[in-house]
Amino acid sequence: MSLRNVKGTRDLLPPETAIWQAVEDVVRRVFALYGYHEIRTPLLEDTELFVRGVGEGTDIVGKEMYTFEDRKGRSLTLRPENTAAVARAYLQHRLQDQPPPVKLFYVGPQFRYERPQRGRYRQFHQIGAELIGDEGPGSDAELLLMLVRFLRELEFESLTVRLNTVGDAASRSRFAAALREFLLPQRDALGEDSRRRLDSNPLRILDTKVAAERELLVGAPRLADFLGEDDRRHFSRLLELLDRWRVPYEVDDGLVRGLDYYTRTVFEIASQDLGAQDAILGGGRYDGLTRDLGGPEVPGIGFAIGQDRLVEVLPESFRQRCAGAPPVVVVPVGEHHQETCLALGERLRDAGVVALVELSGRSVKAALKAADRQQARFVVLLGDDEAAQSTVTVRDFARGEQAPVAQDRLAGWLRERLDRVEGDPSSTVAAGR
RNA sequence: GUGGGCGUAGCUCAAUGGUAGAGCCCCUGGUUGUGGUCCAGGUGGUUGGGGGUUCGAGUCCCCUCGCCCACCCCA
């Protein structure tokens, strides 16, 4: 087989897809409780959107975009993240004319051209939410509360939000200037990457993992000292609210996110169960983004969850609830009963029973074996004897018993017993409610 | 973009330079219409690809492709 999926992409197969769907069901249910509505933006955007929205100095724009020219020579890019596109759509459709705040969520693939590794794919999937049109810390708190609720629904036990404030645009640029001035004399001691960032994005040097560079930073100016009064009040009010609602968090003043649009509140949640790429979600406030895109200044805050990573560390208890409903398998004993079995199958489906009809003509033995492999709870057999009396033989795999049931009563008979089974914790979330 | 590891059956893995194997999976059978356990049999490989060394290469050398992990950065 020489044809394969493209590097960094992957096929999601059953039963894994059931887990993805179950996660998405929780997203829709929980986010709706907070008044969020889904937005779907194109996978393809004008390259300029990301250059202006995400920032020219960022790694994403600098070296990770899937950019190409279309047949008319326009530069297009497969979206590397979705916040810029949501902001673009917000402006383009004048959503600022709707009563604020506008609350939107999205689920879908994103693309970044990087070397794949554990938890990092070129096509990856994000679940995100954006709250646009309110600048108060209450919105920050509510957004985090929604995240916590979401993660609890997925049965995560102990995930801690790390958060920080990077100040508004003015505080940030004053700090960046001071940091640059501090590091300039030691420029040669910095690594290549950090030297480059000295010009483009000095804040990023703060979270370097190079030990030697960490030492250089010991006496460096601190972001906290450059925060304005408003920045400080915003952040402390947020912390108060999180305390009030017992959201587990820790403040990490080294946390600086990699996208240029962040202002004030930034946060992330990581998991120890992942490899080196351990952030399962990240987000923050972006009060200047709409202006950077050429629109009016509208404050906003949002987050993006890495769905691939989230699914990878999903608690086993949740995963187990994602198995589909066990099928009932209908087996004709003799080819001439196939049509009757097909009809029985349809009647079972009318009653909401997952039914598989054995159509291959293989032996009863082989059919039962296959049914067992498919986790069937009940098998329905129909041969000459049953046909003569308008009954079927229902075999209960779990009990190892079988009994005759009238064809007319079959659906009800099975429905009753399957409902009882589904009360069992080993049954499905998907089939429930 | 940079480093490191690994490529043998669908999966997990064996095979001192000397005939490519096992387990699992899948299929069939162990009497007439009955799963799980057991037994017997069977399908499936250009050992990632190409070149070289050798009487002989899965094994040694070179090139190439792919996968994985890490760095950088992020979800």
Side-chain angles (χ1 to χ4, degrees), chain A residues 1-8 10 13 54 57-64 79-83 107-128 191-194 196-197 201 204-205 207-210 213 255-259 262 266-271 274-283 302-313 329 331-335 337 358 360 362-387 392-402:
Chain A
M1 188 64 184
S2 56
L3 241 33
R4 299 180 49 89
N5 60 308
V6 170
K7 186 190 193 77
R10 53 196 187 135
L13 308 173
V54 179
T58 61
D59 282 4
I60 291 178
V61 172
K63 54 187 194 190
E64 296 171 2
R79 64 183 188 193
E81 60 99 55
N82 213 1
T83 299
V107 176
Q110 317 289 337
F111 304 84
R112 291 183 201 170
Y113 191 91
E114 301 177 88
R115 228 16 203 274
Q117 71 186 69
R118 174 138 191 238
R120 164 183 291 165
Y121 309 99
R122 288 184 174 179
Q123 177 179 334
F124 60 106
H125 302 80
Q126 288 188 329
I127 296 163
E192 190 187 332
D193 287 330
S194 290
R196 183 163 39 76
R197 289 190 210 116
N201 198 349
R204 288 235 51 90
I205 301 176
D207 58 5
T208 179
K209 282 154 196 153
V210 181
E213 294 186 1
L255 180 66
V256 180
R257 305 209 53 81
L259 283 58
Y262 286 122
V266 294
F267 56 87
E268 73 175 31
I269 294 181
S271 163
L274 286 163
Q277 312 306 321
D278 62 354
I280 61 177
L281 69 90
F303 60 76
I305 300 167
Q307 193 174 4
D308 308 77
R309 294 179 187 177
L310 181 75
V311 167
E312 195 170 338
V313 296
V329 177
V331 181
V333 182
E335 297 263 354
H337 294 299
E358 176 60 52
S360 71
R362 57 184 155 184
S363 68
V364 171
K365 181 189 177 75
L368 286 192
K369 194 169 189 150
D372 189 46
R373 300 262 155 84
Q374 285 168 113
Q375 317 280 328
R377 171 75 201 279
F378 295 102
V379 172
V380 173
L381 291 158
L382 189 144
D384 293 340
D385 297 348
E386 290 86 353
V392 291
T393 297
V394 182
R395 183 166 176 78
D396 181 336
F397 271 178
R399 294 163 165 276
E401 305 169 347
Q402 60 189 42

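With both ends at atom P, the span from B:G56 to B:C24 equals 38 Å, rounded to whole Å. Separating the C1' atom of B:U59 from that of B:U8 is a span of 11 Å, rounded to the nearest Å. B:C39 and B:C6 have their C1' atoms separated by 39 Å, given to the nearest Å. For the P atoms, the distance from B:G42 to B:G21 is 13 Å, rounded to whole Å. The P atoms of B:G48 and B:A57 are separated by 15 Å, rounded to the nearest whole Å. Rounded to whole Å, the separation between the P atoms of B:A14 and B:G23 comes to 16 Å. Nucleotides B:U47 and B:C27, compared at atom C1', are 25 Å apart to the nearest Å. The same atom, P, is picked in B:C13 and in B:U53; the two are 34 Å apart, to the nearest Å.
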Item to check | Nucleotide-level pairing of RNA chain B, given in dot-bracket where Watson-Crick and G-U pairs need both distances under 3.5 Å and | marks other strands | outcome: (((((((..((((....[..)))).(((((.......))))).....(((((..]....))))))))))))....
Checklist entry - Given the rule in the side chain to side chain donor-acceptor pair (under 3.5 Å) test, do A:Glu386 and A:Thr393 qualify, once you have shown the distances and angles that lead to the verdict? => result CA-CA 7 Å; A:Glu386 290 86 353; A:Thr393 297; 2.5 Å; yes
Item to check | Pair A:Asp308-A:Arg10, side-chain contact (heavy atoms from CB on, under 4.5 Å): steps then yes or no | outcome: CA-CA 11 Å; A:Asp308 308 77; A:Arg10 53 196 187 135; 2.8 Å; yes
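A:Val331 and A:Ala367 get closest at one heavy-atom pair: CG1-CB, 3.9 Å. Closest approach of A:Pro116 to A:Gly8, counting heavy atoms only: CG-CA, 3.8 Å. In this structure, A:Asn82 and A:Arg79 approach most closely via the heavy-atom pair ND2-NH1, 3.5 Å. Considering all non-hydrogen atoms of both residues, A:Pro109 and A:Gln123 come closest at CB-NE2, 3.5 Å.
Of the two residues near RNA chain B, A:Ile269 and A:Arg362, the one whose nearest nucleotide lies more 5' is A:Arg362.
Considering A:Glu312, A:Gln277, A:Arg309 in turn, A:Glu312 is the only one that fulfils the side-chain contact (heavy atoms from CB on, under 4.5 Å) rule with A:Arg118.
In this structure, A:His337 has no ring-ring contact (aromatic ring centres under 6.0 Å, His included) partners at least two apart in sequence or on a different chain. Under the rule for a side-chain contact (heavy atoms from CB on, under 4.5 Å), the partners of A:Glu114 that lie at least two apart in sequence or sit in another chain are A:Glu64, A:Arg112, A:Arg120.
Note that OG1 of A:Thr83 is 6.0 Å distant from OH of A:Tyr262, once rounded to the nearest 0.5 Å. Atom CG of residue A:Leu310 and atom CD1 of residue A:Ile280 lie 5.5 Å apart, to the nearest 0.5 angstrom.
The CZ-C1' distance, from A:Phe111 to B:C74, rounds to 17 Å in whole Å. Summarising the geometry, the separation between CG on A:Asp59 and C1' on B:C71 is reported as 13 Å, rounded to the nearest angstrom.
A:Glu114 comes within 4.0 angstrom of a nucleotide base, judged by non-hydrogen atoms across all strands. Among the atoms of the strands shown, only primed sugar atoms or phosphate atoms (P, OP1, OP2) are found under 4.0 Å from some heavy atom of A:Ala304.
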Protein-nucleic acid N or O pairs under 3.5 Å, nucleotides 5-12 of chain B:
none

Hey, what are the protein-to-nucleotides 67-70 of chain B N/O distances that come in under 3.5 Å?
residue	atom	partner	partner atom	Å
B:C67	OP2	A:Lys7	NZ	3.0
B:C69	OP2	A:Arg118	N	2.8
B:A70	OP1	A:Ala276	N	3.1
B:A70	OP2	A:Gln117	NE2	3.3

Next on the checklist: I need a per-nucleotide contact map over nucleotides 33-39 of chain B, read 5' to 3'. Cutoff is protein heavy atoms under 4.0 Å; write B for the base, S for backbone only, - otherwise.
Outcome noted: BBBB---
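Counting heavy atoms from C-beta on, the side chains of A:Arg122 and A:Val6 never come closer than 4.5 Å. Taking 4.5 Å as the limit, every side-chain heavy atom of A:Arg377 sits out of range of all side-chain heavy atoms of A:Phe397. A:Pro80 is not listed as a side-chain neighbour of A:Gln110, based on a closest heavy-atom distance of 4.5 Å or more.
With B:G29, B:C72, B:C73 as the candidates, the nucleotide lying closest to the side chain of A:Ser363 is B:G29.
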